[in-house]
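Structure first, commentary second.
Residues: numbered from 1 along the sequence shown.
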Amino acid sequence: MGLFDDLSRFLETRLEEFLRNNPHLELQALEEQLREQQEDTLRLIADLQRQEKKLQTEILDTAQEIQRWHARLDKAKAANRLDLAQAAQEREAALLRQGNQRWGQMQGCKERIAKSKELYRQIQVRLQEVRVKATETTKAQANPNPNQNDRRSDTKGWNQSSNYSSGSQSDPLEEQFKRWETDEEIEKLKRNMGR
């Protein structure tokens, strides 16, 4: 695990350094994260609403069962069947307890939905703030500045989707670097042998 932790820390550090040097990309990355959080929150709300609906159905089903067993309890008492009346009363009590638990779960579900909706609103506000800041940054970049053009060329690859994997055989850039590194090694060996 130590190797993976070290690699993870290295990548995080490099990413943070890169984003600090390219604030327009930092805003873009933040916007992307907020959009993902927004989608995750919407999925959570939808899941919670389905769960709430399921619990409502279970509560209604339990209520009907309680009515059925209550009627049986009354019928058994009227017929002086105390053994059946006792069993029906126990079943009714168990169903009441089950219904009460479902009711509590549904209330908890409603609270989570309300909190998730509030979180969604907060994410929307934050996303709007980031978009405004990104627009301001874009306008600032539109002004001719010699350093800005260099920065844009440095970050060209950020906006391109990629499926690079280390050691990919079909990557022309990887091939160029391998040739260059091999040439460097050969030159280094020549220098060392010439001594």
- Presence of salt bridge, E181 and K178, under 4.0 angstrom: no
Atom pairs and distances, side-chain donor-acceptor, residues 42-55, under 3.5 Å, sequence neighbours left out:
from, atom 1, to, atom 2, distance (Å)
R43, NH2, D40, OD1, 2.4
D47, OD1, R50, NH2, 2.2

Sorted by chain and residue number, the side chain to side chain contact (heavy atoms under 4.5 Å, CB included) partners of I186 (sequence neighbours excluded) come out as T182, K190
Q33 meets the side chain to side chain contact (heavy atoms under 4.5 Å, CB included) criterion, sequence neighbours left out, with L30
In short, ring pair (Phe, Tyr, Trp, His ring centres under 6.0 Å) pairs touching residues 174-193 with sequence neighbours left out are F177-W180
Sorted by chain and residue number, the side chain to side chain contact (heavy atoms under 4.5 Å, CB included) partners of L84 (sequence neighbours excluded) come out as A76, R81
Any non-hydrogen side-chain atom of Q64 less than 4.5 Å from a side-chain atom of R68?
no
The complete set of salt bridge (charged side-chain N to carboxylate O under 4.0 Å, His left out) pairs with one or both residues in residues 114-123, sequence neighbours excluded, reads E118-R121
Of all heavy-atom pairs linking K77 and A85, the shortest is CG-CB, 3.9 Å
Grouping ILVMFWY residues whenever side-chain heavy atoms fall under 4.5 Å, the cluster of W69 otherwise contains I66, L95, L96
In E39, R35, E36, Q38, the residue satisfying side chain to side chain contact (heavy atoms under 4.5 Å, CB included) with I123 is Q38
For Q176, the side chain to side chain contact (heavy atoms under 4.5 Å, CB included) test, sequence neighbours excluded, returns L173, R179
Salt bridge (charged side-chain N to carboxylate O under 4.0 Å, His left out) filter on R126, not counting sequence neighbours, yields E129
By salt bridge (charged side-chain N to carboxylate O under 4.0 Å, His left out), D61 pairs with (sequence neighbours left out) none
Side chain to side chain donor-acceptor pair (under 3.5 Å) pairs touching residues 90-106, sequence neighbours excluded, are E58-R102, H70-E92, Q86-E90
